[in-house]
Protein chains: 2
Amino acid sequence: MTVPLRIVALSGGVGGARFLRGLLAWGEASGTALEVTVIANTGDDMRLHGLQICPDMDTVMYTLGGAIHEDQGWGRADERFTVAEELRPYGVGWEWFTLGDRDIATHLARTSLLASGLPLSAATARLCARWDLPVALLPMSDQPVETHVELASGETVHFEEWWVRTRAAEPARRFVQVGVDDATPAPGVLEAIGAADAILLPPSNPVVSVGTILGVPGIADALRATPARLVGVSPIIGGAAVRGMAETCLATLGVPATAAGVALDYRARFGLLDGWLVDDADAAAVPEVQAAGIDALARPLWMSDLGATAAIAGAAVELALTRS
Amino acid sequence: MTVPLRIVALSGGVGGARFLRGLLAWGEASGTALEVTVIANTGDDMRLHGLQICPDMDTVMYTLGGAIHEDQGWGRADERFTVAEELRPYGVGWEWFTLGDRDIATHLARTSLLASGLPLSAATARLCARWDLPVALLPMSDQPVETHVELASGETVHFEEWWVRTRAAEPARRFVQVGVDDATPAPGVLEAIGAADAILLPPSNPVVSVGTILGVPGIADALRATPARLVGVSPIIGGAAVRGMAETCLATLGVPATAAGVALDYRARFGLLDGWLVDDADAAAVPEVQAAGIDALARPLWMSDLGATAAIAGAAVELALTRS
């Protein structure tokens with residue numbers, strides 16, 4: 001009997017989900033049995049029109065469940081918009097946040113399960129059961145933690161409003177994790193970290209995705225305490241985010257939007273990071289990262305297709321399992 | 001300048017909505033300017049999957065807004081069911097209560113408005129604005145009042161579960177208006193009653209629709225105190241409900257399911273009713289109703305088309321305006 005390799009990944013939305021799909025493909029291709037636990041960011045969650053929406057968990061669930069809109073990276077394939085078209089004339093706001101019909105069904109089911117008294121982690125397990133997910137998907141916390149953005153103007157908005165409506169046009173003065181002080185890791189989170197053979201940081205946003213997860217009291221401590229090595233994949237290639245607008249978020253923290261900058265920030269803010277993959281284009285950053293005591297390697301990091309993504313994930317796992 | 005005739009109607013769902021459409025058509029055809037206030041039953045309201053659903057108000061709104069599914073009598077015309085199809089595999093329950101996509105948009109808008117702090121009456125006004133309704137549609141109360149059904153088995157279920165899922169198969173031992181003691185009439189309800197020239201009871205269910213409205217503390221008192229006469233249209237023709245399953249509900253109260261039985265019950269339970277229309281088939285009931293001091297007339301009461309419905313509504317208005 002093969003003992004599976006126990007992997008924990010801290011994931012945001014699109015980048016994390018695609019990386020995870022590559023990880024599973026790598027396991028399959030290399031004949032490595034994997035037991036993957038995903039600890040997902042829930043800082044972007046919100047209650048909209050009564051619906052509990054978890055953008056990052058939905059993206060992971062749809063991606064690994066084979067239901068994702070491939071080109072878009074989020075939302076459902078073959079989506080329809082009858083509800084959104086009907087909602088608009090009522091003029092109740094948030095018209096820029098278009099909810100697809102299929103996606104709404106997920107939010108209704110989640111809201112229903114939460115209303116019946118289940119915590120978010122149990123509701124998520126129920127939703128994932130439909131998709132027969134090949135990973136355990138856990139919210140970082142069962143308590144609500146909402147990322148709010150304090151703008152330069154002094155106004156504070158929900159992260160999704162800043163990100164989706166304004167495309168982060170106005171600089172963020174700071175990010176506030178509303179509720180984080182009262183949050184505890186969801187059931188299974190600390191156990192998975194303690195039992196892991198490798199901890200991976202996919203190329204998710206280091207500030208508002210991975211950083212939010214690491215902000216939940218107890219999670220960073222557990223990661224520092226676990227014997228497993230923690231290896232990250234740079235979300236910055238050649239000075240720009242692979243996807244999304246991570247540079248803007250890094251700028252708010254005063255962190256250089258470079259492959260080395262993000263690695264050193266994980267060290268500085270959280271005392272974490274044993275290994276770091278940078279893109280071949282950033283090979284020059286390797287010595288700087290290594291000088292901080294982090295094993296660094298340059299590899300092709302564009303997740304251009306499943307094969308390329310599997311190779312990235314495989315390199316991350318191998319770096320995590322190799323003691324320097 | 002014509003002073004409009006101020007009419008208040010107490011309405012349930014399908015029967016009430018069709019009657020109201022007839023009333024408006026009668027006003028148009030007879031050149032009578034009308035100012036109609038509809039006090040709607042909200043006892044069937046529920047929170048389902050996080051959505052606030054008001055079945056009777058939606059039926060009135062869609063019917064008078066020209067968006068109703070004509071054959072069905074409730075729900076939206078040209079409805080679609082992508083959300084329901086997607087919701088089913090999650091298995092969260094209430095699969096028998098199918099929500100259409102267009103209808104869901106209404107519930108999302110309402111839930112959103114309520115979440116923003118509006119009372120139900122103000123949220124309803126916002127929803128109705130989209131449909132440019134030719135009436136003022138008021139919930140009977142801004143406080144939640146839920147009709148629950150105590151079954152012969154001792155189990156208690158929400159009215160919609162008994163009505164829609166089981167088609168009222170198991171007899172109801174009694175109806176409980178959860179929350180009614182703390183409910184007050186919605187803003188505008190008592191004012192409209194006090195200023196009315198005529199009060200009409202459409203052929204709605206006398207127990208769980210009109211009876212529920214009359215159960216809100218203050219409403220029956222106001223109706224007894226107003227100088228306007230109160231005229232009802234029998235929902236029972238030839239011993240059977242025109243629509244729905246009113247007989248079952250009447251049986252629970254021990255009231256005969258006859259045109260006279262319902263009239264006398266309005267008198268007995270609420271001390272109300274100045275006039276009563278029965279169908280020609282029930283002309284024999286006229287003397288019995290009149291013996292109780294209620295003006296009774298026999299008329300064709302099948303709301304078979306808009307013209308027939310307009311004639312019924314016109315007869316009801318005229319009976320209300322005629323002092324015996």
Side-chain angles (χ1 to χ4, degrees), chain A residues 46-54 58 61-62 65-67 75-95 97-118 122-133, chain B residues 46-54 58 61-62 65-67 75-95 97-118 122-133:
Chain A
M46 60 184 160
R47 181 68 69 153
L48 181 60
H49 310 316
L51 300 175
Q52 187 63 30
I53 302 180
C54 301
D58 286 341
M61 184 171 78
Y62 294 156
R76 295 286 309 273
D78 187 28
E79 187 54 290
R80 299 170 197 178
F81 298 94
T82 300
V83 176
E85 281 161 26
E86 280 292 334
L87 188 55
R88 207 167 299 118
Y90 284 120
V92 294
W94 284 67
E95 279 80 8
F97 196 88
T98 305
L99 293 167
D101 299 338
R102 296 188 193 282
D103 195 35
I104 285 173
T106 299
H107 309 320
L108 286 171
R110 175 185 294 116
T111 306
S112 200
L113 293 165
L114 293 173
S116 78
L118 291 185
T124 302
R126 282 282 302 275
L127 298 181
C128 289
R130 172 190 171 183
W131 300 104
D132 206 12
L133 276 213
Chain B
M46 60 184 161
R47 182 68 70 153
L48 182 60
H49 310 317
L51 301 175
Q52 187 63 30
I53 303 179
C54 301
D58 286 341
M61 184 171 78
Y62 295 155
R76 294 287 307 273
D78 187 27
E79 187 53 291
R80 299 171 196 177
F81 297 94
T82 300
V83 176
E85 281 161 27
E86 280 293 332
L87 188 56
R88 208 167 298 117
Y90 283 120
V92 294
W94 283 68
E95 279 80 8
F97 196 89
T98 304
L99 293 167
D101 299 337
R102 296 188 193 281
D103 196 35
I104 285 173
T106 300
H107 309 320
L108 286 171
R110 175 186 292 117
T111 306
S112 200
L113 292 165
L114 293 173
S116 78
L118 291 185
T124 302
R126 281 281 303 274
L127 298 181
C128 288
R130 172 191 169 182
W131 300 104
D132 205 13
L133 277 213

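Chain identifiers are assigned alphabetically (A, B, ...) following the order of the sequence lines, protein sequences preceding nucleic acid strands; residue numbering begins at 1 within each chain. Values below: every heavy atom of this structure, side chains too, minus hydrogens, waters and symmetry copies. Values in this document were obtained by computation on a predicted structure and should not be read as measured data.
Contact count versus chain B (heavy atoms, under 4.5 Å) is highest, among A/Pro89, A/Ala115, A/Gly50, for A/Pro89. When B/Gly91, B/Ala109, B/Ser116 are compared by the number of non-hydrogen pairs under 4.5 Å with chain A, B/Ala109 comes out ahead. Of the residues considered (B/Leu113, B/Leu48, B/Leu108), B/Leu108 shows the highest number of contacts with chain A, using heavy-atom pairs under 4.5 Å.
The side chain to side chain donor-acceptor pair (under 3.5 Å) search around B/Asp103 returns B/Tyr62, B/His107, not counting sequence neighbours. Under the rule for a side chain to side chain contact (heavy atoms under 4.5 Å, CB included), the partners of B/Ser112 that lie at least two apart in sequence or sit in another chain are A/His49, A/Val92. A search for side chain to side chain donor-acceptor pair (under 3.5 Å) contacts involving A/Trp131 returns B/Tyr90, not counting sequence neighbours.
Annotation: the span from A/Ile104 atom CD1 to B/Leu99 atom CG amounts to 11.5 Å, rounded to 0.5 Å.
Looking only at distances, no side-chain donor or acceptor of A/Arg130 sits under 3.5 Å from a matching main-chain atom of B/Leu87.
In this structure, chain A has heavy atoms under 4.5 Å from both the backbone and the side chain of B/Leu127. In this structure, chain B has a heavy atom under 4.5 Å from the side chain of A/Arg76, while its backbone stays farther away.
Contacts between residues 77-85 of chain B and chain A, counted as heavy-atom pairs separated by less than 4.5 Å, involve B/Arg80, B/Thr82, B/Val83.
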